[in-house]
Student: 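Before I ask anything, here is the structure I am working with.
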Amino acid sequence: MPELIEVELYRQALDAAVGRRISAVLTPDPTYARNNLSGDEVRAALVGTTIESTTRIGKLAVAALDSGHQLGLRFGMTGRLVVDDVAVIDELEYSSGRDDPSWDRFVLHFADGGVARINDPRRFGSVELDPDLTRLGPDATLISALALTAALQSDRSVKAVLLDQSRIAGLGNLLVDESLWRAGIDPARSARSLDDETVRHLRRVIRRTLTQLTRRGGSHRGDLQDERHQGGICPSDGASLTRRTVAGRTTISCPAHQR
DNA sequence: ATTGTGGCCTGCCCGC
DNA sequence: TGCGGGCAGGCCACAA
């Protein structure tokens, strides 16, 4: 997916749908709705309602409907949101730049003739009615030092904790690797072992990284990105980067300056 | 309870 | 040029 940065762009795109009435819902992929909701049930809940506002928590985009219900949108690893045929993001890393209609998994038609759709080749995204927001930790853009310290009280690796959406919402594999690389922290290090000063530093780095990569245009625009391959070199000190699996994910880090 | 692992899906890229 | 293997920005169910 899209990580927090891309989902925020999707949310902004969805803002174009605010005030517009949903006239039809297409669910070409019957498994795309969570909780075993059928296409008929999704349609019944959405058709005739109007989107009143949008929010985002972590990687979840939420549309509030005038019915009082909420529609949650998740984009998995390859999902894109296209509103009125405007794709805010043309290409996702590790996904195709194509916009094949057969990859449309969920389509909202508006009474004014516009369309909002999720195009997702790999089908890891989903839509959900009234998602349980309490299962998400604080959004990474807003997290306080206190909350980050609390989140890191774990014997797991710092990377596993940062990826855990119930502790901190919004960071994915690329953003976590980039942030830990910038902060000089070994991803495999125990989360609990970070002292207060390191946690404060990490928080600043995460927020700065999010701001900066947003300006650059996406989670894949990190300084580490071009070296995420076999034989990659640390852009900071020239050391050979380490490639391994941490927290079940491919992890790139610098053995020289990440401790 | 907490934590790690496998699996879900499909497209793309690299090397033979 | 064609083909197969490996890989992928996420998240859930499941087992220990």
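All values derive from a computational prediction rather than experimental measurement. Within every chain, numbering begins at 1; the chains are lettered A, B, ... in the order of the sequence lines, protein sequences first and strands thereafter.
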Student: Is A:Arg123 near enough to B:dT10 that one of its side-chain N or O atoms lies under 4.0 angstrom from OP1 or OP2?
Tutor: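 Answer yes for this pair, as a side-chain N or O of A:Arg123 is under 4.0 Å from OP1 or OP2.
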Student: Could you pull out all residues at least two apart from A:Gln165 that satisfy side chain to side chain donor-acceptor pair (under 3.5 Å)?
Tutor: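 Expected list: none.
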Student: Taking only the side-chain nitrogens and oxygens of A:Arg98, find out if one of them lies under 4.0 Å from OP1 or OP2 of B:dC12.
Tutor: yes
Student: Has A:Phe124 got its ring stacked on the base of B:dC8, with centres under 5.5 Å and planes less than 30° apart?
Tutor: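 According to the criterion (under 5.5 Å, under 30°), yes, A:Phe124 stacks.
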Student: For A:Asn35 and C:dC11, give me the distance from atom CG to atom P, rounded to whole Å.
Tutor: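 After rounding, the reported distance stands at 15 Å.
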Student: Is it true that atom CG of A:Asp112 has more than 12 heavy atoms of other residues, nucleotides or ligands lying nearer than 6.0 Å?
Tutor: yes
Student: Specify the separation, in whole Å, of atom CG of A:Asp164 and atom P of B:dT5.
Tutor: 15 Å
Student: Provide the Watson-Crick or G-U wobble partner of C:dC7, both distances under 3.5 Å; none if there is no partner.
Tutor: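 Matched C:dC7 with B:dG11 under the 3.5 Å cut-off.
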Student: Looking at every strand, decide which applies to A:Ser126 at a 4.0 Å heavy-atom threshold: base, sugar-phosphate, or nothing.
Tutor: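 No contact.
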Student: Write down the distance between NE2 (A:His229) and P (B:dC13), rounded to a whole number of angstrom.
Tutor: 16 Å
Student: Can you measure A:Glu128 atom CD to C:dC12 atom P for me and round it to whole angstrom units?
Tutor: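 One finds 8 Å between P of C:dC12 and CD of A:Glu128, rounded.
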Student: Can you check the A:Leu175 CG to C:dG10 P distance for me, whole Å?
Tutor: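 Result: 9 Å.
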Student: Check whether any side-chain nitrogen or oxygen of A:Trp103 sits under 4.0 Å from OP1 or OP2 of B:dG11, and answer yes or no.
Tutor: yes
Student: For A:Gly125 versus A:Asp120, what's the shortest heavy-atom pair and its separation?
Tutor: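 Closest heavy-atom pair between A:Gly125 and A:Asp120: N-OD2, 2.9 Å.
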Student: Out of C:dG10, B:dT3, B:dG11, which has the shortest distance to the side chain of A:Ser154?
Tutor: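 Given the options C:dG10, B:dT3, B:dG11, the side chain of A:Ser154 is closest to B:dT3.
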Student: When the distance from CZ of A:Phe75 to P of C:dC12 is rounded to whole Å, what number comes out?
Tutor: 15 Å
Student: What's the closest nucleotide to the A:Arg243 side chain, out of C:dC7, B:dT3, C:dC11?
Tutor: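 Within the option list, the nearest is C:dC7.
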Student: Return no unless some side-chain N or O of A:Thr78 is found under 4.0 Å from OP1 or OP2 of C:dG10.
Tutor: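 For A:Thr78, the contact criterion (side-chain N or O under 4.0 Å from OP1 or OP2 of C:dG10) is not met.
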Student: Report yes if a side-chain nitrogen or oxygen of A:Arg122 is closer than 4.0 Å to either non-bridging phosphate oxygen (OP1 or OP2) of B:dC8; otherwise report no.
Tutor: no
Student: Output the rounded distance in Å from CZ (A:Arg167) to P (B:dT2).
Tutor: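 Those two atoms, CZ and P, are 8 Å apart.
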Student: Would one find a side-chain N or O of A:Arg34 under 4.0 angstrom from OP1 or OP2 of C:dC12?
Tutor: yes
Student: Going by salt bridge (charged side-chain N to carboxylate O under 4.0 Å, His left out), A:Asp164 matches just one of A:Arg135, A:Arg249, A:Arg156, A:Lys159. Which one?
Tutor: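 Going through the options one by one, the only one that passes is A:Arg156.
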Student: What does A:Arg135 touch in the nucleic acid at a heavy-atom separation under 4.0 angstrom: a base, only the sugar-phosphate, or nothing?
Tutor: sugar-phosphate
Student: I need the CG-C1' distance between A:Leu60 and C:dC12, as an integer number of Å.
Tutor: 15 Å
Student: Name all residues meeting the side chain to side chain donor-acceptor pair (under 3.5 Å) criterion together with A:Arg34; count only those two or more places apart in sequence or in a different chain, and write none if there are none.
Tutor: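 Only A:Ser126 meet the side chain to side chain donor-acceptor pair (under 3.5 Å) criterion with A:Arg34.
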